[in-house]
Amino acid sequence: MWLFLAFLAVPLIEIALFIQIGGAIGLWPTLGIVIITAIMGTWLVRTQGAMAMGQLRRSFSELDDPSEPLAHGAMILFAGALLLTPGFFTDAVGFALLMPPVRHAAFNYIRKRVHVQRFDMGPNGPQRHHDPRTGRNPDVIETEYHEVDPANRPSQGNSGWTTRH
């Protein structure tokens, strides 16, 4: 029902704003504003998106929780769709979503309402493939090794391996 109301309310708000603003400043300035906001929005989405991708890569490389950078990226993508949609209301919401404090507040609002039961990353995370008989991952080969000190390594000798050149 909320989605239906949004699809009904947003076009009505946009039409009302176009009539009001077009009546106040004229047709061509109104269309110019719509085109300029689309161009500015595209540029801002590209720069904010690049920064969000950098934060996401950093969270993956440091094995941090990637949920906030992913949420910021999704909100930037949504902001880009809103900014490319002609209209004043959608542009205002799109520009608001491009501001990091607004995205942070939206993420905190959503985080309070979503309960994550489990989140694992890294080597202690869940195993994907288990052999039901042994409980081990068949893609992993377990072995033992020992390191040979270079000072104690024989300089030349028969290793038992033959090579051809």
Side-chain angles (χ1 to χ4, degrees), residues 1-132 135-142:
M1 188 65 174
W2 291 105
L3 193 58
F4 173 73
L5 289 175
F7 277 112
L8 183 65
V10 170
L12 291 176
I13 293 170
E14 292 293 1
I15 290 169
L17 287 172
F18 270 116
I19 291 170
Q20 291 293 318
I21 294 171
I25 64 173
L27 172 67
W28 295 111
T30 304
L31 292 177
I33 290 172
V34 170
I35 292 170
I36 289 171
T37 56
I39 292 169
M40 281 180 23
T42 302
W43 178 76
L44 286 170
V45 165
R46 287 183 67 159
T47 57
Q48 291 286 318
M51 288 183 352
M53 283 300 293
Q55 291 171 349
L56 183 62
R57 284 187 190 113
R58 189 176 327 109
S59 71
F60 282 143
S61 68
E62 295 173 0
L63 294 178
D64 286 339
D65 180 9
S67 59
E68 189 166 1
L70 283 171
H72 281 268
M75 285 186 265
I76 291 169
L77 184 66
F78 186 63
L82 290 174
L83 288 167
L84 289 176
T85 303
F88 295 102
F89 178 71
T90 53
D91 285 349
V93 174
F95 280 123
L97 281 175
L98 287 180
M99 292 190 279
V102 173
R103 287 196 312 264
H104 187 69
F107 177 73
N108 287 336
Y109 176 81
I110 293 169
R111 185 189 325 188
K112 289 178 185 175
R113 281 146 185 78
V114 175
H115 177 68
V116 178
Q117 291 184 337
R118 183 173 179 169
F119 183 84
D120 291 320
M121 282 183 64
N124 297 327
Q127 298 292 324
R128 292 187 180 180
H129 306 289
H130 291 291
D131 184 347
R136 294 184 177 177
N137 185 344
D139 296 333
V140 175
I141 300 172
E142 295 184 20

Worksheet entry | Donor on one side chain, acceptor on other, Q48 and H72, under 3.5 Å | no
Practice prompt. Not counting sequence neighbours, which residues clear side-chain hydrogen bond (donor to acceptor under 3.5 Å, both in side chains) with T85? List them please.
Written response: none
Discussion item. Going by ring pair (Phe, Tyr, Trp, His ring centres under 6.0 Å), name the residues that satisfy it together with F107, two or more places apart in sequence or in a different chain.
Written reply: none
Worksheet item: Distance from H104 atom NE2 to R111 atom CZ, nearest 0.5 Å?
Response: 7.0 Å
Item to complete: Check G41 against L83 and note the closest heavy-atom contact, atom names and distance.
Response: CA-CD1, 3.4 Å
Discussion item. So, using side-chain hydrogen bond (donor to acceptor under 3.5 Å, both in side chains) as the criterion, who are the partners of R46 when residues are at least two apart?
Written reply: none
Fill in: Qualifying residue, where the test is side-chain contact (heavy atoms from CB on, under 4.5 Å) with I39 and the options are I35, I36, T37
I35
Worksheet item: What residues form a side chain to side chain contact (heavy atoms under 4.5 Å, CB included) with A79, not counting sequence neighbours?
Response: L97, L98
Discussion item. Under the criterion side chain to side chain contact (heavy atoms under 4.5 Å, CB included), I'd like the reasoning laid out for I76 against M51: C-alpha separation, chi angles, the key distance, then a yes or no.
Written reply: CA-CA 10 Å; I76 291 169; M51 288 183 352; over 6 Å; no
Discussion item. Tell me which pairs pass ring-ring contact (aromatic ring centres under 6.0 Å, His included) where either residue lies in residues 23-57, with sequence neighbours left out.
Written reply: none
Sequence neighbours excluded and cut-off under 3.5 Å, please list the side-chain donor-acceptor pairs for residues 7-25, or say none.
unit_1 : atom_1 : unit_2 : atom_2 : d
E14    : OE1    : F88    : N      : 2.7
E14    : OE1    : F89    : N      : 3.2
E14    : OE2    : F89    : N      : 3.2
E14    : OE2    : T90    : N      : 2.6
E14    : OE2    : T90    : OG1    : 3.1

Item to complete: Decide yes or no on side chain to side chain contact (heavy atoms under 4.5 Å, CB included) for E68 and Q55, but give the supporting numbers first.
Response: CA-CA 9 Å; E68 189 166 1; Q55 291 171 349; over 6 Å; no
